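See below for the structure under consideration.
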There are 2 protein chains.
Amino acid sequence: MAKKATQNKLTSHNGKVSIHDVAREAGVALSTVSNALSGKDYVRETTRLKVREAAEKLGYRVSVVARSLRMKRTFTLGVLLADVANPSSPDFLRGIEDIADQEQCGLLVCNTDGQLEKQLTQMRVLLDRRVDGLVLLSQHCQQPAVRALLEDGTPFVMLQRRSLQHEDTYVGANNDEGIGAAIKHLAGLGHKRIGLIRGPRDSSTADERYDAYIEGLKAHRLEINPQWVIQGDYHVKGGYDAGKRFFALDRRPTAILAANDMSAIGVMNAAHEAGLKIPADFSLIGLDDIEMASFSPINLTTIALQRREMGAAATSLLMKMIRQKSTPKPKKKIFPMKLIVRGSTGPAKAD
Amino acid sequence: MAKKATQNKLTSHNGKVSIHDVAREAGVALSTVSNALSGKDYVRETTRLKVREAAEKLGYRVSVVARSLRMKRTFTLGVLLADVANPSSPDFLRGIEDIADQEQCGLLVCNTDGQLEKQLTQMRVLLDRRVDGLVLLSQHCQQPAVRALLEDGTPFVMLQRRSLQHEDTYVGANNDEGIGAAIKHLAGLGHKRIGLIRGPRDSSTADERYDAYIEGLKAHRLEINPQWVIQGDYHVKGGYDAGKRFFALDRRPTAILAANDMSAIGVMNAAHEAGLKIPADFSLIGLDDIEMASFSPINLTTIALQRREMGAAATSLLMKMIRQKSTPKPKKKIFPMKLIVRGSTGPAKAD
DNA sequence: TTGTAGGCGTTATCAG
DNA sequence: CTGATAACGCCTACAA
């Protein structure tokens, strides 16, 4: 019995107070402290109280890292996104946080800048930290290297982006519906030439929206013209460039559907520079409904996305997967999109 | 010697492969694996290679949680901010991330929504996870309860907010300079009545800016009028309300200095609603220079803050504190502010 | 240069 | 109901 060195350890706490100290203070066994504090129902109330008092007095705080090691659960979720600075990211993040908070989980947030290499690095950072699950809000979700990392067994959800080649749990939005409503709105205003600024390549969402655009044009028997589809990048600059290219066309669209609000803002910048008025000279529709879209100098008609709700839904799904260790069949949840008509759309100019 | 149960453990890895497995695969001792992988220079190169190969083959990834427990270092930083969704937050976050990444640290990000209660909860979440350090980008930094948590010994930096009652390591901006330049600019344009939308209470930065505003007016011998100082909250809504109150004044300012760009946007919304033109009817200056400020429909004259640089500087300071365990004297780093003249300022209207 | 033997702070499993 | 004791996976003296 005298072999353990535990005894002399009892006195020396180098800064942090541990469960040992609480046990000693409360005059109970170490395991009792753990049981009492973690709310085991078989602990006598008086004991629990005694323990709690001791803990309080000593300023004891559990070490989540020790607990994580033991429980093989870190109570931490990893979030991978292209760019926090994109105005739509924080809303998703908030939704994720809503659930994480209520599940006592922390959030490890990483940016990938849309670069595969960075994404891999960040995924490793997350996995090495043994996060309980991953929320992927980033591109490259069908790259082999990414998939390899995903095979690791850590539960994950795709949010807003997905891999068409894999059956993953996914939360997205009904792009058909959103784009459809936008085109219907424009058609109703008499627009016959509708342009599209595409989202980045390697984005499933951008693909879906493109398809929905084509479908929408067909549905309203509008002209489909490859010149009216310009590649964007979800950023202002891309929208600006696309806008300039549109304006340079001889037969140019009377309405532009932008990949997202930031692209639409880019178009606004370009229009301003070119002396074109919106919606007098052409109509413009964004997508996302970021806060800024509603500011009166911008006043952008756009297709709203329920980002916070989507983030929360994805995280709920993730938590479910984490809880029931076994991976049942992947779930999908598609949120509605809603057209918000503001001041950037108006009747088509008579030709 | 036959008492240890280590041996039968060697075969059973329930999912994750551990350093044990690598040791066995490589035919070396467990500690050698650790040494080899963590780059100890006394490991023979051939051994290191052998180990690396084995690790690769088995798909071994270090468990940062186990390492954290052992090393008493989690390689994780906690970031506390009022709101990720505020457009200026992500830029700070990026700066923080720049350094964290290069230091192999992860970032645990929490929102407080400016609520003391939430801030305390989040701080506990962070501290329980034994983050190596804290970046505080949130209010309430002089509340006793917050200070108590800070006493815990975890290194921390104040970014953009600080406690005037405590000597903390702090990274901020030169508010005098920024506000001074703005007022000089307005005075130069002939403005004699300059209003201010104040930042939230309990914010040191808002206080500093208010002081700078008063100093600026004095320096240019301009009228100081309490009616021209309206409380805002750094949000659009607060700016909108303030704007309306300004417009309702009988003798109203010909120029408004907003607490931040979001407040300024709020004023723009209010002006639009009231049929007032900027800068024809009054001039407006924001503060932050968020990306949006440069978009042509907004085109806001503003005072730029080097957010990303500030975030990075704060984090560098923090890392330094973490490394040299001892807490030397707190450092301060003040960044310049720069007036960016755009289209929201113009000559004062003749009275 | 490599191997051995703790122990970091918890929780879980069993005996009492 | 409470109390020993063994892991969890890793790092680090110290010994060989």
Side-chain angles (χ1 to χ4, degrees), chain A residues 1-10 12-24 26-51 55 58 60-75 128-130, chain B residues 1 3-10 12-24 26-51 55 58 60-75 127-130:
Chain A
M1 269 307 139
K3 66 173 176 176
K4 299 316 299 289
T6 323
Q7 291 186 312
N8 50 18
K9 258 299 162 232
L10 280 183
S12 76
H13 50 120
N14 47 351
K16 292 290 187 202
V17 14
S18 90
I19 204 170
H20 277 96
D21 308 294
V22 181
R24 192 157 45 87
V28 297
L30 170 152
S31 54
T32 301
V33 176
S34 173
N35 290 330
L37 258 29
S38 59
K40 295 283 189 285
D41 53 353
Y42 51 71
V43 176
R44 194 190 296 156
E45 269 316 307
T46 59
T47 311
R48 193 191 306 280
L49 218 68
K50 203 166 50 178
V51 170
L58 267 41
Y60 168 77
R61 292 258 93 204
V62 69
S63 163
V64 175
V65 8
R67 166 190 289 174
S68 298
L69 181 58
R70 181 58 232 242
M71 296 179 54
K72 290 167 166 298
R73 190 125 149 38
T74 53
F75 302 90
D128 287 358
R129 279 184 173 65
R130 302 294 189 263
Chain B
M1 270 306 139
K3 67 175 177 177
K4 301 315 299 288
T6 323
Q7 291 187 309
N8 50 19
K9 258 304 163 225
L10 281 183
S12 77
H13 48 120
N14 47 351
K16 292 290 188 202
V17 14
S18 90
I19 204 172
H20 275 94
D21 308 292
V22 181
R24 193 155 44 86
V28 299
L30 174 154
S31 59
T32 301
V33 176
S34 173
N35 290 329
L37 258 29
S38 60
K40 295 282 189 287
D41 54 350
Y42 51 73
V43 176
R44 194 188 300 156
E45 270 315 309
T46 59
T47 312
R48 193 191 305 281
L49 217 68
K50 206 165 50 177
V51 170
L58 267 42
Y60 168 77
R61 292 258 92 204
V62 68
S63 162
V64 175
V65 7
R67 166 192 291 173
S68 298
L69 182 58
R70 177 58 230 252
M71 296 180 48
K72 290 167 167 301
R73 193 122 148 39
T74 53
F75 302 90
L127 262 14
D128 287 357
R129 279 187 172 62
R130 302 293 190 262

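To find a chain, count down the sequence lines: A is the first, B the second, and so on, and within it residues start at 1. From a predicted model like this one, the values you see are computed outputs, not experimental measurements.
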Check if the side chain of A/S31 and the base of D/dG3 share a donor-acceptor pair of N or O atoms closer than 3.5 Å.
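Yes, a donor-acceptor pair under 3.5 Å.
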With a 4.0 Å cut-off on heavy atoms, is [X] in touch with a base, just the backbone sugar-phosphate, or nothing at all?
X      : result
B/V65  : nothing
B/V28  : sugar-phosphate
A/S38  : nothing
A/R130 : nothing

When you get a sec, tell me which of C/dT2, C/dG9, D/dT2 is the closest nucleotide to the side chain of A/T47?
D/dT2
Can you identify which nucleotide, out of D/dC1, C/dT10, D/dC10, has its nearest atom closest to the B/V62 side chain?
D/dC10
Could you pull out the closest heavy-atom pair between [X] and [Y], with the gap in Å?
X      : Y     : result
B/V43  : B/N35 : CG2-CB, 3.7 Å
A/T74  : A/V64 : O-CG1, 4.0 Å
A/S34  : A/S38 : O-OG, 2.7 Å
A/V65  : B/S68 : CG2-CB, 3.9 Å
B/R130 : A/R61 : NH2-O, 2.8 Å

Between [X] and [N], is there a contact of a side-chain N or O with OP1 or OP2 at under 4.0 Å?
X     : N      : answer
A/R67 : C/dT11 : yes
B/T32 : C/dT1  : no
A/Y60 : C/dT10 : yes

With nearest nucleotide decided by heavy atoms, which residue, B/A29 or A/S63, maps closer to the 5′ end of DNA chain C?
B/A29
Please tell me which of B/L30 and A/S34 maps to the more 5' nucleotide of DNA chain C, matching each residue to the nucleotide holding its nearest heavy atom.
B/L30
What is the distance, to the nearest angstrom, from the [atom1] atom on [X] to the [atom2] atom on [N]?
X      : N      : atom1 : atom2 : value
B/K16  : D/dG9  : NZ    : P     : 11 Å
A/M71  : C/dG9  : CE    : P     : 18 Å
A/F75  : C/dT10 : CZ    : P     : 13 Å
A/K72  : D/dC10 : NZ    : P     : 9 Å
B/R129 : C/dT10 : CZ    : P     : 14 Å
B/N35  : D/dA15 : CG    : C1'   : 14 Å
B/E45  : C/dT2  : CD    : P     : 10 Å
A/L69  : C/dG9  : CG    : P     : 12 Å

So CD1 of B/I19 and CZ of B/R67: to nearest 0.5 Å the spacing works out to 9.0 Å
Closest nucleotide of DNA chain D for B/A66 versus for B/Y42: which of these residues is on the 5' side?
B/A66
